[in-house]
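In this chain, numbering begins with 1 at the start of the sequence shown. For ligands, and for the atoms within them, numbers begin at 1 and follow the listed sequence.
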Amino acid sequence: MKLLRLVLLLFCSLAVAQEACIPNPAGGVILSADRWLHWDPSENCPNTVYRVQVFFTMDKPTYSTVTAQLSWSMDFLLYCRVYNFTVTSLANNILGTENFVWETLHIPEGTDVVINGLTGALIDDSVLVEWRIGWKYPYCVEHFHFFIYDDEVETPQYLQVIQPGYLLEHVARCTNYRFEVASSYGMMNGTTSTINYTVPALSNRPTLVEVRQNAVSINTTWSLEKYNVNRCRVTALYVTGTRFNATYPIEDTPERPNVQVSITGLIPDSMYSFSVSIENSAGLSTPYHMAVQTLPLEATSD
Ligand SMILES: *[C@@H]1O[C@H](CO)[C@@H](O)[C@H](O)[C@H]1NC(C)=O
Ligand SMILES: *[C@@H]1O[C@H](CO)[C@@H](O)[C@H](O)[C@H]1NC(C)=O
Ligand SMILES: *[C@@H]1O[C@H](CO)[C@@H](O)[C@H](O)[C@H]1NC(C)=O
Ligand SMILES: *[C@@H]1O[C@H](CO)[C@@H](O)[C@H](O)[C@H]1NC(C)=O
Ligand SMILES: *[C@@H]1O[C@H](CO)[C@@H](O)[C@H](O)[C@H]1NC(C)=O
């Protein structure tokens, strides 16, 4: 009976002793330059392991693991962000006091934050230029250097852009652009990426400015879409009628003056219907249809 009590007592005190082993905190928590978290061992209890947690916000860990090692690589996290790295010793389900280090996870030395997938797309009369960077770098890039080269302007336009994209508004058709983008981070520039982008061609629709007629002629004046809207080279104006056809070749210039169309040798007091269309590098415009009556003979002044 005495023996049994002794054994029981021994067993209980052993269990208590084991339960009572609270591991000392793992000291010396540091984040080294190669992005490994290191800590010193906690040696007072057997079977000690370490709970490693990473917090970005206070409440919920971004990452959590348990390891028997004395270091853990943090290279899987987004760079250039401040994190709270905590290490808590853990022995037989008993947690010790945590230790933490509040540190920025730096981008590896010499990293080239390259520009990927640089594209241009037309949206109405604007060009949306977009690009991407590697998923680990959004917090590193302070801005992008963005250059817009236009084949007819000498000096490029330079912008510092925060988002990985830019909407270039009110572009002229047929303009040849070159876009250059490089990321800027910690006094460094990544490799520059370049694309050529030509705004798709579009036909040039004429607008009627003036109609003058007498007994034997019909004169019309046409304005074309201006150079700052449509740079596609204009080659001719076509007049197509049931009783006459005419082609007016056009030498295109940036001024793009109005085009005078004179139809002569007509019969007085007659209805003429015809259409006018413009040819440019995109092809023929939709025709402008019109009908004009020549004046009776007595009404003419000349
Ligand atoms: C880091 O996280 C630990 C554990 O949650 C917390 O006790 C500590 O206050 C945090 N430190 C900072 C600077 O937020
Ligand atoms: C980064 O690029 C910008 C724009 O091209 C340039 O002005 C600047 O000098 C460059 N900086 C470095 C450190 O190369
Ligand atoms: C862009 O155009 C320029 C000049 O027209 C040419 O030299 C260059 O090779 C082109 N670049 C690309 C990426 O097509
Ligand atoms: C139309 O132009 C022609 C030639 O330029 C001219 O002879 C004619 O008088 C003009 N007619 C009218 C109605 O202005
Ligand atoms: C003018 O051209 C159109 C189309 O090419 C043709 O159908 C028409 O018969 C021509 N008219 C004259 C008067 O030549």
Side-chain angles (χ1 to χ4, degrees), residues 25-27 29-31 37 39 50-66 74 77 81-90 95-105 107 109-115 133 140-149 155-162 166 178-194 208-222 237 239 244 246 248 258-270 272 274 276 290 292-297 299-302:
V29 178
I30 57 153
L31 183 71
L37 192 70
W39 56 91
Y50 305 93
R51 187 181 70 176
V52 177
Q53 289 183 308
V54 181
F55 294 86
F56 181 62
T57 54
M58 284 296 238
D59 45 345
K60 210 167 125 257
T62 308
Y63 177 76
S64 190
T65 191
V66 172
M74 293 298 168
L77 295 167
R81 237 178 156 184
V82 180
Y83 297 95
N84 184 358
F85 299 98
T86 75
V87 178
T88 317
S89 45
L90 176 65
L95 280 170
T97 311
E98 74 211 351
N99 259 323
F100 69 88
V101 61
W102 181 250
E103 266 284 10
T104 302
L105 188 75
I107 187 169
E109 187 106 9
T111 300
D112 183 1
V113 179
V114 295
I115 303 295
I133 51 171
C140 300
V141 174
E142 288 118 39
H143 59 257
F144 298 96
H145 299 292
F146 186 52
F147 288 91
I148 304 168
Y149 293 82
T155 48
Q157 197 185 342
Y158 170 67
L159 297 162
Q160 289 190 352
V161 179
I162 304 296
Y166 185 76
R178 190 168 93 244
F179 300 117
E180 286 185 4
V181 189
S183 49
S184 171
Y185 48 101
M187 316 298 284
M188 276 182 52
N189 290 339
T191 301
T192 300
S193 192
T194 303
L208 182 63
V209 175
E210 192 183 26
V211 188
R212 293 163 79 106
Q213 74 267 51
N214 58 24
V216 292
S217 63
I218 299 169
N219 294 355
T220 49
T221 305
W222 300 91
L237 180 149
V239 180
F244 50 77
Y248 291 76
N258 289 346
V259 183
Q260 312 287 337
V261 172
S262 178
I263 303 155
T264 55
L266 304 178
I267 300 162
D269 204 14
S270 304
Y272 289 90
F274 55 95
V276 169
M290 59 191 303
V292 181
Q293 175 109 17
T294 50
L295 302 181
L297 260 183
T300 52
S301 52
D302 51 6

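Neither the backbone nor the side chain of Met188 has a heavy atom within less than 4.0 Å of ligand 2. No part of Gln260 comes within 4.0 Å of ligand 4, judged by heavy-atom distances. Contacts of Asn219 with ligand 4, taken as heavy-atom pairs under 4.0 Å, involve the side chain alone.
Under 3.5 Å, the side chains of Thr191 and Asp112 contain a donor-acceptor pair of N or O atoms. Remark: the Asn219 side chain and the Gln213 side chain contain no N/O donor-acceptor pair separated by less than 3.5 Å.
Near Met187, with a cut-off below 4.0 Å to any heavy atom, the atoms of ligand 2 are 13 (C).
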Would you mind writing out a table of all protein N or O atoms found under 3.5 Å from any N or O atom of ligand 1, naming both atoms and giving the distance to 0.1 Å?
from     : atom 1 : to    : atom 2 : distance (Å)
ligand 1 : 2 (O)  : Asn84 : ND2    : 2.3
ligand 1 : 7 (O)  : Glu98 : OE2    : 3.0
ligand 1 : 11 (N) : Asn84 : ND2    : 2.8
ligand 1 : 14 (O) : Asn84 : ND2    : 3.4

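Remark: Tyr185 pairs with no residue by the ring-ring contact (aromatic ring centres under 6.0 Å, His included) rule, at least two apart or across chains. Every side chain to side chain contact (heavy atoms under 4.5 Å, CB included) that Asn189 has, sequence neighbours left out, goes to His145, Ser184. Taking the side chain to side chain donor-acceptor pair (under 3.5 Å) definition, one finds that Trp222 meets it with Thr220, sequence neighbours left out.
Residue Glu109 qualifies as open at atom CD: its count of foreign heavy atoms under 6.0 Å is 12 or below.
Residues Val239 and Ile263 are in side-chain contact: their nearest non-hydrogen atoms beyond the backbone lie under 4.5 Å apart.
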Next on the checklist: Apply side chain to side chain contact (heavy atoms under 4.5 Å, CB included) to residues Ile267 and Thr294 and explain how you reach the verdict.
Outcome noted: CA-CA 7 Å; Ile267 300 162; Thr294 50; 5.7 Å; no
Checklist entry - Are Trp39 and Asn99 close enough, and set up right, to give a side chain to side chain contact (heavy atoms under 4.5 Å, CB included), and what steps lead you there? => result CA-CA 9 Å; Trp39 56 91; Asn99 259 323; over 6 Å; no
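Residue Thr264 has no nitrogen or oxygen atom sitting less than 3.5 Å from a nitrogen or oxygen atom of ligand 4, judged on distance alone. Below 3.5 Å of separation, one finds no N or O of Tyr158 facing any N or O of ligand 2.
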